[in-house]
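Scroll down for the structure; my scribbles are underneath it.
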Amino acid sequence: MLYSYLSMASKPGILTDWPWKPLGSFKYIILVPLITENIYSFMVKDEDIDVSKLALFPFVLWRMLHNQLWISLSRYRTAKGTNKIVDKGIEFDQVDRERDWDDQIMFNAILFYLGNIYVPGGSHLPFWRLDGVIITMLLHAGPVEFLYYWLHRALHHHYLYSRYHSHHHSSIVTEPITSVIHPFAEHIAYFLLFSIPILTTVLTGTVSVIALAAYVTYLDFMNNMGHCNFELIPNWLFTLLPPLKYIIYTPSFHSLHHVQFRTNYSLFMPFYDYIYGTMDKSSDSLYEKSLRRKEESPYVVHLTHLTTPESIYHLRLGFASFASKPYTPSTWHMWLLWPVTLCSMMLTWIYCSTFVVESNRFHNIILQTWAIPKYNIQYRLKSQKQSINNLIEEAILEAEEKGARVLSLGLMNQGEEMNMYGGVYMQKHPQLKVKLVDGSSLAVAVVLNSIPKRTTQVVLRGKLTKVACALAFALCQKRIQVSVLREDEYEKLDKLLGTKSEGKLVLSKSYTFKTWLVGDGLSEVEQRKASKGTLFIPFSQFPPKKLRTDCFYHTTPAMQTPLALENVDSCENWLPRRVMSVWRIAGLVHALEGWEEHECGYTTSNIEKVWEATLKHGFQPLRVPTHLKS
């Protein structure tokens, strides 16, 4: 039934698209005249201040913040798995479909603004009136809930469903923002429906600013709550007051509607489903099952940390649409959010504890990503070294306690001076059952396989990390000349490799080589000296700044993920969609293969063995530009 219902042909009806769709991200410009007139009325016109009109746009911002808080909470809870309802992830197509969740807030703002001007009694509203609140509650519980139930059932008729409502039901696994993803025509109908209490109180002179704001906030709250993919209504509430089950729905109740389609049509009050026999019989059992569900125990944990203050928005817990694209720092949107950014920095400083960011499933293995609330700049401060190492150690012990099999130490900027590439934790806890993996072997393998075939010489430039040294050794063994541009780096590598370099390690002042392996520390001057057509292949987690339009830039060490990897709906830093850094993949492969050794400190695993195992599990190398393959 599920798949046959989903396969109904979609025939977009009239007024499907929002009027401002052609404007794209510039759609907010339609609010500028309204905001300008509002400010002008307040600052210049000699008239009484209309508090209700003045509060409209701050209320718009509140609604956006309210919705975003629900999005972040829902994604955090579903990543942990506690009280999860539908055991399935979402994908990029759903994120793309739901990225314009603020359209309905803009639409409502315009209508409220016009109502303030043209509806009698719609302006200069009193701050509070109790009779208006009571009327609003009664009208919502009566006409609004009743009419919505039958409107909703009508929308599930094949004619309307295929033209309108199927867009909403494309999301089987719901998120809070799924609640407002409807065609424009549906939003017109919903506004007319929800305006019954509002217009009634306006025309009877009982409306107030508090009643109006509270009612719209109530609608947002219930909509968001009902579309969370985790259960949060406690059982004791229904035990204490049994009639509540008829007037308050739960997330699991509405989740069944998105799975079964022909049941649980009610808005917020299941009362009408009980009356008309459309209550899903499994509603109570799913509710109880979801409440009993414990936090998921990860099999593999990947540790990461924030990069810049703005990078918190790019986490899966941040802005869904922003996280679904490769990270682009310092956009104009981010500058507008500096007060929120500052608050988030303060929150991470106060909280200062590792938190779950994302959860993926690969066959029967759960991979969780945990973030340490520290930024790049803090990794460069000696005063932060002990604090960071303590957080990493606590995360390792927590993963051990939760039964994790592998912990990937893919932390950016972790190095010899920070924690001996993770070796200090092995020394301090020699009896660890969880295996520590730094991903260096797979990073080397990916870089080696990114070098165009028949290459005979490369430039190695950047901070001489564990990966860089292993790369130099592997290239020399392959009889590929490794040219080093700086004398101090050459001396360090020459001392480390000795006769193992096979005479292939050279100090060079030439910039004519076409393949550069680069890491942190590549200067702009050096990059500009590279010859035209040079291919830059990063071996660190941070890509070089793209200064040359006549050169080519490979991604940081990463691979294409197999389709079997579920719940992939965000991009990892600057990587494209469904591309995962080797530092995350390495831990997963380590667990899949059941390897018992640690891969951290100054040791690396067999590079060829790691590469073959990674390919075996469906991860694919990224393509080298076609004109560079030969």
Side-chain angles (χ1 to χ4, degrees), residues 301-315 317-318 327 329-330 334-335 337-357 369-400 407-430 432 434 436-440 462-469 486 488-489 492 519-523 538-545 556 573-574 581 583 598 600-602:
V301 172
H302 171 71
L303 279 184
T304 186
H305 69 73
L306 301 168
T307 54
T308 63
E310 297 86 5
S311 65
I312 195 163
Y313 303 123
H314 195 261
L315 294 179
L317 308 181
Y327 178 53
S330 301
M334 297 300 105
W335 286 107
L337 291 170
W338 70 264
V340 182
T341 306
L342 184 61
C343 291
S344 71
M345 290 181 66
M346 294 295 294
L347 185 62
T348 55
W349 179 71
I350 295 169
Y351 181 64
C352 202
S353 181
T354 304
F355 56 95
V356 180
V357 173
T369 300
W370 297 358
I372 287 178
K374 296 288 183 179
Y375 301 95
N376 277 347
I377 191 171
Q378 292 173 291
Y379 276 71
R380 302 188 184 102
L381 302 175
K382 289 184 178 180
S383 60
Q384 290 290 312
K385 178 180 176 180
Q386 190 59 46
S387 173
I388 292 171
N389 278 324
N390 287 343
L391 285 170
I392 298 172
E393 185 178 357
E394 288 171 7
I396 292 171
L397 296 178
E398 183 181 353
E400 173 99 340
L407 186 138
S408 172
L409 282 169
L411 288 166
M412 302 172 188
N413 287 342
Q414 62 128 356
E416 184 176 21
E417 64 281 359
M418 175 62 70
N419 47 42
M420 293 166 49
Y421 302 109
V424 294
Y425 312 118
M426 282 186 357
Q427 294 176 7
K428 195 170 181 180
H429 303 281
L432 275 177
V434 61
L436 305 184
V437 177
D438 64 12
S440 55
K463 184 179 179 182
L464 292 181
T465 60
K466 178 182 176 180
V467 172
C469 295
R486 296 192 179 184
D488 59 329
E489 292 177 358
K492 183 177 180 179
D520 301 335
L522 174 70
S523 70
F539 58 76
S540 68
Q541 296 204 27
F542 286 95
K545 190 175 181 180
T556 52
N573 297 316
W574 30 81
S581 73
W583 287 274
H598 295 283
C600 61
Y602 294 103

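Numbers here are sequence positions counted from 1.
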Problem - Among Ile392, Val437, Val301, the one residue meeting side-chain contact (heavy atoms from CB on, under 4.5 Å) with Leu407 - result: Val301
Fill in the blank from the handout: OG of Ser344 to CH2 of Trp338, rounded to nearest 0.5 Å, is 12.5 Å
Problem - Side-chain donor-acceptor contact under 3.5 Å, Gln386 with Asn390 - result: yes
Handout entry: Point-to-point distance, once rounded to the nearest 0.5 Å, from CG of Asn573 to NE2 of His314
Key = 7.0 Å
Exercise for the section: Give, for atom CG of Leu436 and atom CG of Leu303, the distance between the pair rounded to the nearest 0.5 Å. Expected result: 9.5 Å
Problem - Partners passing side-chain hydrogen bond (donor to acceptor under 3.5 Å, both in side chains) against Ser311 (at least two apart in sequence or in another chain) - result: Thr307
Exercise for the section: Quick one: pull up CD1 in Ile372 and OG in Ser387 and give me the separation to the nearest 0.5 Å. Expected result: 9.5 Å
Problem - Thr341 side chain to Tyr313 side chain, donor-acceptor N/O pair below 3.5 angstrom - result: yes
Exercise for the section: Using the side chain to side chain contact (heavy atoms under 4.5 Å, CB included) rule, take Gln378 and His305 through it: C-alpha gap first, then chi angles, then the decisive distance, then the call. Expected result: CA-CA 11 Å; Gln378 292 173 291; His305 69 73; over 6 Å; no
Handout entry: Flag side-chain contact, heavy atom, 4.5 Å: Tyr425 against Asn389
Key = yes
Handout entry: Within-4.5 Å side-chain heavy-atom neighbours: Met426 and Leu432
Key = no
Handout entry: Side chains of Ile396 and His429 in contact at under 4.5 Å (non-hydrogen atoms)
Key = no
